[in-house]
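First listed ligand is number 1; within each ligand, the first listed atom is number 1.
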Amino acid sequence: MIQLYEFAASGNCHKVRMMLSLLDIPYQSIMVNGATREHKSADYLAMNPLGQVPVLVDGDVVLRDSQAILVYLARQYGAEQADFWLPNEPANLAQVVAWLATAANEVTRGPNALRLHHKWGRAIHLAEAETITEQLLTMLNQHLTQSAWLAAAHITIADIAIYPYIALATEGKVDLHGYPAVVAWIKQIQSLHGYVSMAGIDTY
Ligand SMILES: N[C@@H](CCC(=O)N[C@@H](CS)C(=O)NCC(=O)O)C(=O)O
């Protein structure tokens, strides 16, 4: 059975939990003990030298990085839907990759950083994180005003990669109500069959 090494409060881990649930894939959740720094132990570093969650283990396949794990699950378990979650068509595929990169960059440096700061007191460059967040939400809102989903005419792993830290943004003192198309997109994702939530995500 697939094993997911995770932190309950991690939005990066939530991407993987969502994808596993939407694909109806059973898995074993292994909660990593952040308090004892289990994610920096030799055994854990052997799986992910960066000492981060999530890590997904599927037989001999050991994967770090939530974006990479979404790609793997789409291709390996999407079955006839593999092209649905991660399109083969070059332009749509490139759009997905652009959003996966945005998840790893602007989402991490923007809303994720603000949440780490306001929820757990992490020292960050506050003004920079606020500027990145505003630019990101403006771009997302504009995009979602013209298109219901991020990278194709239907949901893809791009939406899953971007969703958690946007839906968790209020924990970073970000008010989403000025971004109505983003709120509509969140509602749309929350109504999917197989959707799972996590503590800190508001229901819209
Ligand atoms: N690019 C990675 C980032 C993973 C990441 O930053 N994980 C955080 C939790 S959300 C973590 O493990 N932090 C502990 C640390 O870096 O020591 C991904 O998308 O999975």
Side-chain angles (χ1 to χ4, degrees), residues 2-23 25 27-58 61-77 85-86 95-126 128-129 132-133 136 140 150-151 156-174 189 196-201:
I2 287 179
Q3 295 174 315
L4 174 63
Y5 290 80
E6 57 173 326
F7 289 165
S10 160
N12 284 317
C13 295
H14 196 61
K15 298 171 196 175
V16 182
R17 291 192 285 264
M18 281 178 68
M19 190 69 187
L20 288 164
S21 179
L22 290 168
L23 291 176
I25 302 170
Y27 69 99
Q28 180 190 6
S29 163
I30 300 171
M31 287 295 166
V32 176
N33 190 337
T36 61
R37 298 183 63 75
E38 190 185 351
H39 53 305
K40 306 297 178 188
S41 67
D43 283 351
Y44 194 87
L45 292 174
M47 292 192 297
N48 180 359
L50 295 177
Q52 295 174 333
V53 291
V55 162
L56 184 118
V57 178
D58 186 15
V61 178
V62 181
L63 290 171
R64 65 170 175 86
D65 192 274
S66 54
Q67 282 64 238
I69 295 169
L70 293 179
V71 168
Y72 174 76
L73 292 174
R75 278 289 187 264
Q76 183 68 12
Y77 291 101
W85 289 102
L86 179 59
Q95 289 296 338
V96 172
V97 173
W99 287 110
L100 298 185
T102 304
N105 187 342
E106 286 79 7
V107 172
T108 301
R109 297 193 298 125
N112 184 349
L114 289 177
R115 178 172 178 255
L116 288 172
H117 177 71
H118 290 294
K119 194 172 162 72
W120 287 291
R122 171 85 58 92
I124 62 166
H125 192 314
L126 192 56
E128 183 183 275
I132 293 168
T133 301
L136 173 68
L140 265 178
L150 291 182
T156 64
I157 59 170
D159 300 278
I160 309 297
I162 296 292
Y163 173 80
Y165 288 109
I166 302 300
L168 287 165
T170 48
E171 289 200 328
K173 298 198 190 302
V174 178
I189 291 177
V196 280
S197 193
M198 66 175 277
I201 290 186

Problem - Residues lining ligand 1 [heavy-atom distance under 4.0 Å, listed by chain and residue number] - result: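 Those residues closer than 4.0 Å to ligand 1 by some heavy atom are S10, N12, H39, K40, G51, Q52, V53, P54, D65, S66, Q67, Y165.
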Legend entry - Greater than 12 external heavy atoms within 6.0 Å of K119's NZ: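 Yes, because the 6.0 Å sphere around NZ of K119 holds more than 12 heavy atoms from other groups.
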Could you work out, with side chain to side chain contact (heavy atoms under 4.5 Å, CB included) as the rule, every residue matching [X], not counting sequence neighbours?
X: L126; result: L114, H117, H118, I124, E130
X: S21; result: V196
X: D65; result: Q67, A68

Practice problem: Flag the pair Y163 / H14 as yes when their ring centroid distance falls below 6.0 Å, and as no otherwise. | Solution: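 When the ring centroids of Y163 and H14 are compared, they turn out to be at least 6.0 Å apart.
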Side chains of D58 and Y72: is there a donor and an acceptor less than 3.5 Å apart?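 Indeed, the side chains of D58 and Y72 share at least one donor-acceptor pair under 3.5 Å.
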